[in-house]
Protein chains: 2
Amino acid sequence: MLTHSEENYLKAIFHLSLETDEDISTNAIALKINSQPSSVTEMLKKMSDKSMISYQKYKGVSLTEVGQKTALKIVRKHRLWEVFLFDKLNFSWDEVHEIAEQLEHIHSDKLTQELDRFLDYPQHDPHGDPIPNRAGFIQYSEKILLATLQVGETARFVGVKDSSAVFLQYLDKRNIALGDLLTISFIEAFDQSMHVLINDSNHILSKQTINNIYVLKV
Amino acid sequence: MLTHSEENYLKAIFHLSLETDEDISTNAIALKINSQPSSVTEMLKKMSDKSMISYQKYKGVSLTEVGQKTALKIVRKHRLWEVFLFDKLNFSWDEVHEIAEQLEHIHSDKLTQELDRFLDYPQHDPHGDPIPNRAGFIQYSEKILLATLQVGETARFVGVKDSSAVFLQYLDKRNIALGDLLTISFIEAFDQSMHVLINDSNHILSKQTINNIYVLKV
DNA sequence: AAAATATTTTAGGAAAGCCTAAAAATAGCA
DNA sequence: TGCTATTTTTAGGCTTTCCTAAAATATTTT
Ligand SMILES: [Mn+2]
Ligand SMILES: [Mn+2]
Ligand SMILES: [Mn+2]
Ligand SMILES: [Mn+2]
């Protein structure tokens, strides 16, 4: 059984591995989990001993098969709890993450399974991220950044890249929600801001915003 | 914010305090949480510094007002989660405690409140124990031990004293459930075993059993 | 009331998980 | 290739929570 801390390391390495094919560096992990590189080195040794990661001094780490499976279990729990909080307990999508960070560490296979059933086997969490199934299989979609669309194109809002509370609240304030249809009416050459038609109203979205919104072309 | 461990001490002292009016001894706590008296002494000092308990060397401890309030919050969470697992996730009453022991440490007032609402403000957990309300008020009932009844009396099964999995499973096996009506038909003088009519079938319940079942006379 | 017994505390130590500062290794560049 | 800057590891320390063994205190028995 892994400790709370070990699980957080595993999850950090998992998420960092999604961004690159290279091994994950000590510094990158330290940055991610808000700790010091020396603390990370220490933990990496322990997790290597437990065969959760492949680690060679100075060469970075990658998840082993077991580590990958374990990380997926934690991500699954995290996202299922987010769905529970959002769907059943009236939490908003900017509030769920913090509590899911705690709930993801509850150990009970039956609990995870029953929660999944109770929520009717959801495919995505409230931020549009895919939920691994019981076997650890995760269905990634072909989502692209809104910033890559051309004038005239229409697409569906299916996810956010960085789901910080402040960004999610910004979207809420503008009544932009997951599932909405977006049509690009104009792109400002000067600052790349995008004029977008959403729910019959026009929005001007900044470069930062459109680089943080995932869509699926329709 | 209290640690996981401090919360467990608080809960132990709370439960021990229900059994007696005296101060709680170091040994009793050690026994309850399965640790050593020396470990307990150490923690009691820390919790006294945090004003959660009143502690005088060699004299035992009691909860302060703040400690009592905090303990009740944890008990509230524990029992609400038990209801959730039992009512919504198909857990049996002998399985819920173990997982609630983990869930009770999740910190979020909103979560507790919304869970309470979602479960429709339950008054009792799956073992018949009362759930403190948001303000920490707990409604104790006049329940008595089945062992105290006389031949001919009828009462409703409303709780168990020791809710160990093995005892709860024993009741399940005999189709004896919370809410059932029990009528005493005979008491064996030799071993105090009780002949009880439950759901139209006759059961012979041992001394240990009838001293572990709470009822309300009807 | 003294002796024996039981309870509680103190002393000293271990493991986990974090830190800072210094040393070692690696990578980038002239 | 050799020097410099960056990254990573090691060394040493701190806190939390647990432990065992010994000392101190309280309780019970004679
Ligand atoms: Mn999240
Ligand atoms: Mn999410
Ligand atoms: Mn319980
Ligand atoms: Mn209970």
Side-chain angles (χ1 to χ4, degrees), chain A residues 1-14 16-17 19-63 67 70-71 74 101-102 104-105 107, chain B residues 1-14 16-17 19-63 67 70-71 74 101-102 104-105 107:
Chain A
M1 191 87 87
L2 298 181
T3 66
H4 198 104
S5 188
E6 288 168 333
E7 290 191 342
N8 283 335
Y9 273 88
L10 219 48
K11 205 170 43 127
I13 297 166
F14 174 84
L16 289 167
S17 297
E19 314 266 292
T20 172
D21 284 333
E22 324 248 301
D23 281 2
I24 307 305
S25 73
T26 301
N27 266 7
I29 297 169
L31 208 69
K32 187 90 171 179
I33 65 174
N34 249 294
S35 67
Q36 299 306 311
S38 57
S39 307
V40 173
T41 298
E42 202 167 12
M43 184 58 104
L44 294 184
K45 280 186 211 154
K46 202 181 315 171
M47 294 176 68
S48 179
D49 289 346
K50 292 193 180 186
S51 304
M52 304 304 287
I53 59 172
S54 302
Y55 170 56
Q56 281 179 284
K57 264 200 207 179
Y58 296 103
K59 298 291 176 62
V61 295
S62 60
L63 294 176
T70 311
I74 302 165
E101 287 287 306
Q102 298 180 60
E104 72 191 2
H105 299 291
H107 292 292
Chain B
M1 191 86 87
L2 298 181
T3 66
H4 197 103
S5 188
E6 288 168 332
E7 291 192 341
N8 282 336
Y9 273 88
L10 219 47
K11 205 170 40 125
I13 297 167
F14 174 83
L16 289 167
S17 297
E19 312 267 292
T20 173
D21 284 331
E22 324 247 302
D23 281 3
I24 306 306
S25 74
T26 301
N27 265 8
I29 298 169
L31 207 70
K32 186 89 170 181
I33 65 174
N34 248 294
S35 67
Q36 299 306 310
S38 57
S39 308
V40 173
T41 299
E42 203 167 13
M43 183 57 104
L44 293 184
K45 280 186 211 153
K46 202 180 315 171
M47 294 177 68
S48 180
D49 290 346
K50 293 194 179 185
S51 303
M52 305 303 288
I53 58 173
S54 302
Y55 170 56
Q56 280 179 284
K57 266 198 203 178
Y58 295 103
K59 299 291 177 61
V61 294
S62 61
L63 294 176
T70 310
I74 302 165
E101 287 286 304
Q102 299 180 60
E104 71 190 4
H105 299 291
H107 292 293

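Within every chain, numbering begins at 1; the chains are lettered A, B, ... in the order of the sequence lines, protein sequences first and strands thereafter.
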Item to check | Close side-chain approach of Q102(B) and H105(A), heavy atoms under 4.5 Å | outcome: no

Checklist entry - Which pair of heavy atoms, one from P37(B) and one from A30(B), lies closest together, and at what distance? => result N-CB, 3.7 Å

Checklist outcome for this item: Taking for K46(A) and for Y55(B) the nucleotide of DNA chain C with the nearest heavy atom, the one nearer the 5' end belongs to Y55(B)

Checklist entry - Should E6(A) and K11(A) count as an ion pair when the cut-off is N to O under 4.0 Å? => result no

Checklist entry - Hey, is the side chain of Y9(A) poking within less than 4.0 Å of OP1 or OP2 on dC18(C), counting only N and O atoms? => result yes

Checklist entry - Between atom CG in D23(B) and atom P in dT27(D), what is the gap in whole Å? => result 12 Å

Checklist entry - Atom CD of E6(A) and atom P of dC18(C): how far apart are they, to the nearest Å? => result 10 Å

Checklist entry - Does the side chain of T26(B) get closer than 4.0 angstrom to OP1 or OP2 of dT9(C) through an N or O atom? => result yes

Checklist entry - Are any of K59(B)'s side-chain N or O atoms less than 4.0 Å away from OP1 or OP2 of dT25(D)? => result no

Checklist entry - For the pair made of CD1 in I24(B) and C1' in dT8(C), what is the distance, rounded to whole Å? => result 16 Å

Item to check | Candidates dT10(C), dA25(C), dA16(C) - which lies nearest the side chain of K57(B) | outcome: dT10(C)

Checklist entry - Between M52(A) and L63(A), is any pair of side-chain heavy atoms under 4.5 Å apart? => result no

Checklist entry - Could you go step by step and tell me if V40(A) and N27(A) meet the side-chain contact (heavy atoms from CB on, under 4.5 Å) rule? => result CA-CA 8 Å; V40(A) 173; N27(A) 266 7; over 6 Å; no

Checklist outcome for this item: Whole-Å distance, H4(B) NE2 to dT17(D) P, equals 11 Å

Checklist outcome for this item: note: E22(B), atom CD; dA26(D), atom P; distance rounded to Å ~ 17 Å

Checklist entry - Between S5(A) and dC18(C), does any side-chain N or O lie under 4.0 Å from OP1 or OP2? => result yes

Next on the checklist: So, does T3(A) get its side chain near the phosphate of dG17(C), meaning an N or O under 4.0 Å from OP1 or OP2?
Outcome noted: yes

Next on the checklist: At less than 4.0 Å, is any side-chain N or O atom of N27(A) found next to OP1 or OP2 of dT8(D)? Yes or no.
Outcome noted: yes

Checklist outcome for this item: Shortest non-hydrogen pair, D23(A) vs S62(A), comes out as OD1-CB, 3.8 Å

Checklist outcome for this item: From CG of N8(B) across to C1' of dT16(D) the rounded distance in Å is 15 Å

Checklist entry - Which parts of residues 36-45 of chain A get close to DNA chain C, meaning a heavy atom less than 4.0 angstrom away? => result Q36(A), S38(A), S39(A), E42(A), M43(A)

Next on the checklist: Please report the distance, rounded to the nearest Å, between CG in N34(A) and C1' in dG17(C).
Outcome noted: 15 Å

Checklist entry - Is Y58(B) near enough to dA6(C) that one of its side-chain N or O atoms lies under 4.0 angstrom from OP1 or OP2? => result no

Checklist entry - To the nearest angstrom, how far is M1(B) atom CE from dT16(D) atom P? => result 16 Å

Next on the checklist: Can you confirm whether Y55(A) sits close enough to I24(A) that some side-chain heavy atom of one is under 4.5 Å from a side-chain heavy atom of the other?
Outcome noted: no

